[in-house]
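Below: one structure, written as structure tokens.
Numbering starts at 1 and runs along the sequence shown. Keep in mind that this is a model prediction, so the values were computed, not measured.
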Amino acid sequence: MVHLDDATKRLELVRYHMQQGWQIDAPVLGRHAYLDQRGSIRAVEVVLSRSEMRQVVALPDTASVREFLHQYGLNVIDV
């Protein structure tokens, strides 16, 4: 499983980028991310954009990530 500290760091990275002027482009995509033979987790992928730059950040689907997305009025589309 994804370590909780890693999930927290990824979400903090997204928050940091947003403080630096980046925006989340809708839609946010939800999918299963395969880790290894142990199975998969649900991941949420956000596209951050600023000017002509884009980057994708995959976040583990945790309660804090769902709360963050809800605060920004972003829905997740399953793919």
Side-chain angles (χ1 to χ4, degrees):
M1 283 307 212
V2 172
H3 195 272
L4 185 58
D5 286 342
D6 184 49
T8 302
K9 286 178 186 176
R10 287 176 177 263
L11 183 55
E12 290 305 315
L13 176 68
V14 171
R15 286 186 172 133
Y16 172 79
H17 276 81
M18 292 180 75
Q19 290 171 350
Q20 301 303 310
W22 292 74
Q23 296 181 1
I24 295 177
D25 290 343
V28 175
L29 302 177
R31 64 174 177 83
H32 287 284
Y34 294 95
L35 299 174
D36 56 25
Q37 63 274 14
R38 294 177 294 178
S40 68
I41 62 164
R42 181 166 154 65
V44 177
E45 293 182 342
V46 296
V47 176
L48 294 169
S49 65
R50 180 175 169 186
S51 300
E52 297 297 318
M53 298 179 288
R54 303 271 185 282
Q55 63 177 314
V56 177
V57 179
L59 304 165
D61 186 8
T62 62
S64 59
V65 169
R66 287 189 297 271
E67 181 180 323
F68 170 81
L69 295 173
H70 179 73
Q71 289 174 346
Y72 285 91
L74 295 165
N75 295 317
V76 177
I77 296 174
D78 289 313
V79 293

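Side-chain atoms of Leu69 and Val46, non-hydrogen and from C-beta on, do get closer than 4.5 Å to each other. At a threshold of 4.5 Å between non-hydrogen side-chain atoms, the residues Arg42 and Val76 count as touching. Side-chain contact between Phe68 and Leu11: present, with at least one pair of heavy atoms (C-beta onward) separated by less than 4.5 Å.
Looking at every heavy atom in both residues, Arg10 comes nearest to Pro60 through CD-CD, 4.1 Å. Scanning all heavy atoms of the two residues, the minimum distance from Arg54 to Arg50 falls at NH1-N, 4.3 Å. Nearest approach of Leu74 to Ala26, heavy atoms of both residues: CD2-CB, 4.3 Å. The two residues Glu45 and Val28 make their nearest non-hydrogen contact at O-CG1, 3.4 Å.
Taken together through direct or relayed side-chain contacts under 4.5 Å among Ile, Leu, Val, Met, Phe, Trp and Tyr, Met53 and Val14 form part of one hydrophobic cluster. Residues Leu13 and Val47 do not share a hydrophobic cluster, defined by chaining ILVMFWY side chains whose heavy atoms lie under 4.5 Å apart.
The distance from the CG atom of Asp78 to the NE2 atom of His32 is 7.5 Å, given to the nearest 0.5 Å. Note: Ile24 CD1 to Leu48 CG = 6.0 Å, rounded to the nearest 0.5 Å.
More than 12 heavy atoms of other residues, nucleotides or ligands shown are found within 6.0 angstrom of CD on Gln55.
In terms of the side chain to side chain contact (heavy atoms under 4.5 Å, CB included) criterion, residue partners of Glu67 (sequence neighbours excluded) are, by chain and number, Gln71.
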Practice problem: Walk me through it: do Thr8 and Thr62 pass the test side-chain contact (heavy atoms from CB on, under 4.5 Å)? | Solution: CA-CA 9 Å; Thr8 302; Thr62 62; over 6 Å; no
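Ion pairing of Lys9 with Glu12 is absent here, as no side-chain N (NZ or NE/NH1/NH2) approaches a carboxylate O to less than 4.0 Å.
The backbone N or O of Arg66 sits nowhere less than 3.5 Å from a side-chain atom of His70 that would complete a donor-acceptor pair.
In this structure, Leu29 shares a hydrophobic cluster with Ile77, Val79, the cluster being traced through Ile, Leu, Val, Met, Phe, Trp and Tyr side chains under 4.5 angstrom apart.
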